[in-house]
Amino acid sequence: MDSDRLQHQRYELKYHVHEGEACRIRDFVRGYLEIDEYSALQPDLSYPTLSLYLDSNGLDTYWSAINGDRNRFKLRLRYYDDHPDTPVFFEIKRREDNVILKERGGVRKSAVRWLLAGHMPERKHMLNPNDTEALFAVQRFCHLMVQLNARPKMHVAYLREAYENPSDNNVRLTMDRQVESQPNPQPRLIAKSPKPHLVFGKTVILELKFTARYPNWFRDLVETFNCMQMGAAKYSEGISAKGEDWVHRGCSPCSPENILEEFLTAEKYPGLFAEAKPAKA
């Protein structure tokens, strides 16, 4: 989603629905909203949505969500493929009481490792060097990251079907399927985790998002399909289902996957694989 279409301040209501209900909701929603431009390009109306979540070693942002802290935040990198030339968005998602506040800035993927190592962003790192608001958002992200001593912890991926009003961004509806998560301590923007956990099974996560008044037709939708509001925090619920040890093991330098990754990165240094020459007499 473009930055000018982002709902910076909004309310979010989440529901768990079955696939059959999701298909009927799709027909209902088309009477009020249009399929968004990214979903429209996909044969199944859903585009991949990928995130790398950051947290402290004590999983502070996870525990803030589990404890229901009224004022909390999450740090994540949001991207949509693993191509090196497409952007990644550094996002801060805050909750203040019942309001969701979101700010983000588009960054070049070539700058991700540099920024996650603790360096502050410069205009040359930004997708649009002239976008001062985006630069400030990434600077705030990096300040929070350093303050929390946050590092990459979890890769989350799902398929998103989205609807919006083309004339404004006051109302948005999304349906997320195949929500997967797996610990990932590396600053790598991968498209698919090797052994992901299916967080919600086959359940579809319906999200109703609005910036001002709750639309009357949202109420009609919820009553028509008998939707029950439930939590659906993808990062937190993935950890809750598998346990903290799952994250700590997966993020350990001794994890087999991380050892493999370190070995594979040696390919970037051809000298390590050069045939040894006999020593001079």
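Not measured: the values here are computed from a predicted model.
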Check: Val204 and Ile25 side chains under 4.5 Å, non-hydrogen atoms = no
Looking at Lys195, Lys192, His197, which hits side-chain hydrogen bond (donor to acceptor under 3.5 Å, both in side chains) with Glu180?
-> Lys192
Can Leu75 be reached from Val138 by stepping across I, L, V, M, F, W or Y side chains whose heavy atoms are under 4.5 Å apart?
-> yes
Go through the steps for Leu50 and Tyr80 under the test side-chain contact (heavy atoms from CB on, under 4.5 Å), then give the verdict.
-> CA-CA 6 Å; Leu50 312 169; Tyr80 301 96; 5.9 Å; no
Taking all heavy atoms of Tyr62 and all of Asp55, pick out the closest pair and write down the distance.
-> N-OD2, 3.1 Å
Taking everything shown except Gln178 itself, do over 12 heavy atoms lie less than 6.0 Å from its CD?
-> no
Reported NZ-to-CD1 distance for the pair Lys93 and Ile100, which is rounded to 0.5 angstrom = 5.5 Å
Any chance the side chains of Tyr53 and Arg76 put a donor and an acceptor closer than 3.5 Å?
-> yes
Exam field: side chain Arg95 to backbone Asn71, donor-acceptor pair closer than 3.5 Å | no
For Arg24, salt bridge (charged side-chain N to carboxylate O under 4.0 Å, His left out) partners two or more places apart = none
Under a 4.5 Å cut-off applied to non-hydrogen side-chain atoms, are Ile239 and Ile66 in contact?
-> no
Derivation and outcome, side-chain contact (heavy atoms from CB on, under 4.5 Å), residues Leu189 and Asp82 = CA-CA 6 Å; Leu189 303 181; Asp82 56 355; 5.9 Å; no
4.5 Å side-chain heavy-atom contact, Phe218 and Val222 = no
Quick one: sort the Tyr32 and Trp217 rings into parallel, tilted or perpendicular, breaks at 30° and 60°.
-> parallel
Look only at the side chain of Lys74 and the backbone of Thr61, and say whether a donor-acceptor pair between them is shorter than 3.5 Å.
-> no
Shortest non-hydrogen separation from Glu237 to Phe200 and the atoms involved | OE1-CE2, 3.4 Å
Between Gly250 and Pro185, what is the shortest heavy-atom contact and its length?
-> O-CD, 3.7 Å
Do the side chains of Val99 and Leu208 join up, straight or via other hydrophobic residues, at under 4.5 Å, putting them in one cluster?
-> yes
Look at the side chain of Arg123 and the backbone N and O of Pro129, then say whether any donor-acceptor pair between them is shorter than 3.5 Å.
-> yes
Are Val112 and Phe89 connected in the hydrophobic side-chain network, where two residues link if heavy atoms are under 4.5 Å apart?
-> no
With a 3.5 Å cut-off and sequence neighbours excluded, list the donor-acceptor pairs that the side chains of residues 140-159 form with protein atoms.
| unit_1 | atom_1 | unit_2 | atom_2 | d |
| --- | --- | --- | --- | --- |
| Arg140 | NE | Glu103 | OE1 | 2.8 |
| Arg140 | NE | Glu103 | OE2 | 3.4 |
| Arg140 | NH2 | Glu103 | OE1 | 2.6 |
| Asn149 | OD1 | Arg151 | NH2 | 3.4 |
| Lys153 | NZ | Asn57 | OD1 | 3.2 |
| His155 | ND1 | Ser193 | OG | 2.9 |
| His155 | NE2 | Tyr79 | OH | 3.3 |
| His155 | NE2 | Ile190 | O | 3.1 |
| Tyr158 | OH | Arg78 | NH2 | 3.3 |

Intermediate values then yes/no, side-chain contact (heavy atoms from CB on, under 4.5 Å), Trp63 and Asp60 = CA-CA 5 Å; Trp63 279 111; Asp60 288 303; 5.9 Å; no
side-chain contact (heavy atoms from CB on, under 4.5 Å) evaluation trace for Glu164 with Asn169 | CA-CA 7 Å; Glu164 62 186 5; Asn169 67 342; over 6 Å; no
Please tabulate, for side-chain N and O atoms in residues 224-234, each donor-acceptor pair with protein atoms closer than 3.5 Å (sequence neighbours left out).
| unit_1 | atom_1 | unit_2 | atom_2 | d |
| --- | --- | --- | --- | --- |
| Thr224 | OG1 | Asp220 | O | 2.6 |
| Lys234 | NZ | Asp176 | OD2 | 3.0 |
| Lys234 | NZ | Glu207 | OE2 | 3.0 |

Flag side-chain contact, heavy atom, 4.5 Å: Arg188 against Arg113 | yes
Are Ile35 and Ile205 linked, directly or through other ILVMFWY residues, by side chains that come within less than 4.5 angstrom of each other?
-> no
Polar side chain donor-acceptor pair, Ser39 to Tyr163, under 3.5 angstrom | no
Measure the spacing between CG of Leu173 and CG of Asn165 and express it to the nearest 0.5 Å.
-> 12.5 Å
Smallest separation among heavy atoms of Gly106 and Ala134, with atom names | N-CB, 4.4 Å
Treat each ILVMFWY residue as a node, draw an edge where side-chain heavy atoms are under 4.5 Å apart, and state whether Leu54 and Val247 are in one component.
-> no
Would you indicate whether the side-chain heavy atoms of Met126 and Asp131 approach each other to under 4.5 Å?
-> no
Quick one: pull up CZ in Arg26 and CG in Leu206 and give me the separation to the nearest 0.5 Å.
-> 12.5 Å
Taking all non-hydrogen atoms of both residues into account, name the closest pair between Ala22 and Val17 and its distance.
-> CB-CG2, 4.3 Å
Salt-bridge present (Arg94, Glu96; N to O < 4.0 Å) = no
Does a side-chain heavy-atom distance below 4.5 Å link Tyr38 with Thr49?
-> no
d(Trp246 CH2, Ser181 OG) to nearest 0.5 Å is 3.5 Å
Once you round to the nearest 0.5 Å, how far does NE2 of His125 lie from CG of Leu135?
-> 10.5 Å
Heavy atoms from other residues, nucleotides or ligands near NE2 of His248 exceed 12 (cutoff 6.0 Å) = yes
Are any side-chain N or O atoms of Asp44 and backbone N or O atoms of Ser46, one a donor and one an acceptor, separated by less than 3.5 Å?
-> yes
Ion pair present between Glu161 and Arg177, side-chain N to carboxylate O less than 4.0 angstrom?
-> yes
Looking at CZ of Phe210 and CG of Asn170, how far apart are the two atoms once the value is rounded to the nearest 0.5 Å?
-> 11.5 Å
Looking at side-chain heavy atoms only, is the closest gap between Gln182 and Pro194 below 4.5 Å?
-> yes
